[in-house]
Structures are given as structure tokens and as C-alpha cells.
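All remarks here apply to the structure that follows.
FYI, the numbering just counts along the sequence from 1.
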Amino acid sequence: MQMTRSVDSVQFLPFLTTDVNNLSWLSYGVLKGDGTLIVVNTVGAVLQTLYVLVYLHYCPQKHTVLLQTATLLGVLLLGYGYFWLLVPDPAAQLQQLGLFCSVFTISMYLSPLADLAKVIQTKSTKRLSFSLTIATLLTSASWSLYGFRLKDPYIMVPNLPGIITSFIRLWLFWKYRPEQDRNYRLLQT
């Protein structure tokens with residue numbers, strides 16, 4: 001984004017959902033007393049917030065981005081209010097917050113697939129990031145194993161879609177190889 005001074009080929013929704021996901025899991029980690037969840041999600045939330053701010057800086061349609069951000073932060077704040085004010089039992093808080101986090105994790109892993117139809121239609125993977133796909137595969141597999149080790153279904157299960165969607169994107173990279181993109185661009189010029 002900074003090199004091109006543009007957000008044309010960058011999706012905003014994955015940044016935003018990942019930020020909300022990190023903030024949610026940070027709360028779950030605090031409630032559970034899990035240092036790994038706390039540290040990893042604090043770093044993740046800081047980085048994702050920076051990505052959101054950089055996106056906002058280069059985005060020509062700030063109103064839409066700000067509206068999406070405000071809506072998702074509003075949902076997050078309502079969730080926090082619900083869990084901390086209306087659910088007094090810590091075990092019930094942990095269970096309900098785990099379910100809340102699971103929904104956000106699944107939405108985070110599914111959000112990059114919004115461009116799948118465009119990738120198939122154009123037969124080009126230029127809208128997808130190969131390095132992000134590999135990072136998502138490794139991250140979701142790591143969290144699934146961590147959840148399995150802790151016997152925590154709220155950590156293990158929602159990361160499985162990350163593994164599946166990563167393999168779908170890897171298949172798209174295989175099916176629509178980057179060489180095809182270069183030939184496609186040459187034909188257009």
C-alpha cells in the first residue's frame with residue numbers, strides 16, 4: 001500500500017476482521033489466564049490496527065471504510081458489555097466469549113474468499129497474496145494444534161476453516177499460475 005500509495009489491489013475486510021479477532025481473543029486469553037493468547041493477540045491487535053490506519057490513509061473512499069470499522073467496533077463493544085456486565089459467572093463468560101471469538105475467527109478466515117468469484121472469472125490470482133496464504137495456513141494449523149493440546153474446542157475448531165481456505169487458495173495459485181497473469185497483462189497493454 002505504501003509503495004503504490006494505493007489500496008486498489010488490497011481488501012480491507014480481512015484487516016478489519018483480523019483486528020477484531022485479535023481483540024476478542026485477547027479478552028478470552030485474559031479471562032482464561034492464558035499468557036500465550038494474551039501476548040500473541042496483543043501483538044496481532046497492534047499490527048492489525050496499524051494496517052487499518054495505513055489502509056484508511058490511502059483509501060479514497062474513507063466514508064465506507066470508517067462505517068465498516070465503526071460497525072464492527074460497535075459489535076465488539078456490545079459484546080464486551082454483554083460479557084462483562086450481564087454474564088456474572090466466569091465459566092459462562094468463558095464459554096460464551098469462546099463462542100463469540102470462534103464466530104469472529106471463522107469470519108476472518110472466510111473474508112479473503114470474497115474475491116474468489118473474481119479470481120475464477122479473471123483466471124488470475126493477482127488479487128490473492130501467496131505469502132498471506134502460506135502464513136494463514138501455518139497460523140491456523142498452529143492454533144488448531146494449540147487448541148487440541150489444551151483440549152479447548154474454542155481455539156481448535158474455528159481455526160480449521162483457515163486450513164481449508166488456505167488449501168483452496170493454494171489450489172487457485174496452482175490452477176491459475178502467475179505466468180498466466182503476466183500473459184494476461186501483456187495482452188491488455
Side-chain angles (χ1 to χ4, degrees), residues 11-55 68-69 71-116 128-174:
Q11 298 176 46
F12 177 67
L13 195 56
F15 291 134
L16 187 59
T17 56
T18 303
D19 200 7
V20 171
N21 185 58
N22 286 131
L23 293 169
S24 300
W25 282 110
L26 176 59
S27 298
Y28 184 80
V30 168
L31 189 60
K32 190 172 181 170
D34 186 320
T36 301
L37 285 172
I38 293 169
V39 170
V40 169
N41 287 291
T42 298
V43 171
V46 168
L47 290 174
Q48 290 301 323
T49 300
L50 289 173
Y51 295 149
V52 166
L53 292 173
V54 170
Y55 189 97
Q68 290 174 334
T69 304
T71 301
L72 215 45
L73 287 176
V75 169
L76 186 65
L77 288 174
L78 282 173
Y80 282 157
Y82 170 77
F83 293 117
W84 301 117
L85 300 174
L86 300 177
V87 182
D89 178 40
Q93 278 182 342
L94 193 63
Q95 181 182 21
Q96 290 180 21
L97 186 56
L99 187 58
F100 183 79
C101 291
S102 296
V103 169
F104 268 100
T105 298
I106 291 169
S107 71
M108 177 193 71
Y109 284 134
L110 296 180
S111 64
L113 295 180
D115 277 346
L116 230 157
L128 299 177
S129 167
F130 186 77
S131 58
L132 183 60
T133 299
I134 297 299
T136 300
L137 176 61
L138 295 174
T139 302
S140 54
S142 297
W143 281 117
S144 290
L145 290 171
Y146 184 70
F148 182 76
R149 183 176 168 267
L150 295 179
K151 296 179 176 55
D152 188 331
Y154 298 116
I155 297 172
M156 179 180 47
V157 173
N159 283 288
L160 294 175
I163 296 169
I164 294 166
T165 58
S166 294
F167 280 120
I168 290 170
R169 286 184 280 167
L170 286 171
W171 177 78
L172 288 170
F173 278 109
W174 173 80

Leu16 and Tyr55: CA distance, side-chain angles, deciding distance, side chain to side chain contact (heavy atoms under 4.5 Å, CB included) verdict: CA-CA 10 Å; Leu16 187 59; Tyr55 189 97; over 6 Å; no
Measuring from atom [atom1] of [X] to atom [atom2] of [Y], what distance do you get when rounded to the nearest 0.5 angstrom?
{"X": "Met156", "Y": "Lys151", "atom1": "CE", "atom2": "NZ", "value": "10.0 Å"}
{"X": "Leu150", "Y": "Thr36", "atom1": "CG", "atom2": "OG1", "value": "8.0 Å"}
{"X": "Thr133", "Y": "Leu138", "atom1": "OG1", "atom2": "CG", "value": "11.0 Å"}
{"X": "Leu72", "Y": "Leu77", "atom1": "CG", "atom2": "CG", "value": "10.5 Å"}
{"X": "Thr165", "Y": "Ile106", "atom1": "OG1", "atom2": "CD1", "value": "11.0 Å"}
{"X": "Arg169", "Y": "Leu132", "atom1": "CZ", "atom2": "CG", "value": "6.0 Å"}

Sequence neighbours excluded, every pair satisfying side chain to side chain donor-acceptor pair (under 3.5 Å) that has a member inside residues 134-144: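 Listed by first then second residue: nothing to list.
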Pairs meeting criterion side chain to side chain donor-acceptor pair (under 3.5 Å) with involvement of residues 39-49, two or more places apart: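 Non-adjacent pairs meeting side chain to side chain donor-acceptor pair (under 3.5 Å): Asp19-Thr49, Asn22-Asn41.
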Qualifying salt bridge (charged side-chain N to carboxylate O under 4.0 Å, His left out) pairs with a residue from residues 27-47, counting only residues at least two apart or across chains: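 Every pair satisfying salt bridge (charged side-chain N to carboxylate O under 4.0 Å, His left out) with a residue in residues 27-47: Lys32-Asp152.
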Summary of salt bridge (charged side-chain N to carboxylate O under 4.0 Å, His left out) pairs that have at least one residue in residues 36-55, sequence neighbours excluded: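 Salt bridge (charged side-chain N to carboxylate O under 4.0 Å, His left out) check on residues 36-55 returns no pairs.
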Aromatic ring pairing Phe173/Phe130, orientation class (parallel under 30°, perpendicular over 60°, tilted between):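 Judged by the thresholds at 30° and 60°, the geometry between Phe173 and Phe130 is perpendicular.
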Write down the atom of [X], the atom of [Y], and the distance for their closest heavy-atom approach.
{"X": "Pro158", "Y": "Trp25", "answer": "CG-CZ2, 4.3 Å"}
{"X": "Leu26", "Y": "Ile38", "answer": "CD1-O, 3.5 Å"}
{"X": "Ser24", "Y": "Leu76", "answer": "OG-CD1, 3.4 Å"}
{"X": "Leu23", "Y": "Tyr80", "answer": "O-OH, 2.8 Å"}

Any side-chain heavy-atom pair of Ile163 and Asn159 under 4.5 Å: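 Contact flag for Ile163/Asn159 side chains = no.
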Residue pair Leu37 / Val30, side-chain heavy-atom distance below 4.5 Å: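 The answer is no, as the side chains (C-beta and beyond) never meet within the 4.5 Å cut-off.
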Extract all donor-acceptor atom pairs below 3.5 Å that involve side chains of residues 87-104 and protein atoms in other chains or at least two apart in sequence.
{"unit_1": "Asp89", "atom_1": "OD2", "unit_2": "Ala92", "atom_2": "N", "d": "3.2"}
{"unit_1": "Gln93", "atom_1": "NE2", "unit_2": "Phe83", "atom_2": "O", "d": "2.7"}
{"unit_1": "Gln93", "atom_1": "NE2", "unit_2": "Val87", "atom_2": "O", "d": "2.9"}
{"unit_1": "Gln96", "atom_1": "OE1", "unit_2": "Tyr82", "atom_2": "OH", "d": "2.7"}
{"unit_1": "Ser102", "atom_1": "OG", "unit_2": "Gly98", "atom_2": "O", "d": "2.8"}
{"unit_1": "Ser102", "atom_1": "OG", "unit_2": "Tyr154", "atom_2": "O", "d": "3.3"}

Pairing residues for Phe167 by the ring-ring contact (aromatic ring centres under 6.0 Å, His included) criterion, not counting sequence neighbours: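 Checked Phe167 against ring-ring contact (aromatic ring centres under 6.0 Å, His included); zero matches.
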Exceeds 12 heavy-atom contacts within 6.0 angstrom, atom OH of Tyr51: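 At most 12 heavy atoms, drawn from other residues, nucleotides or ligands, come within 6.0 Å of this atom.
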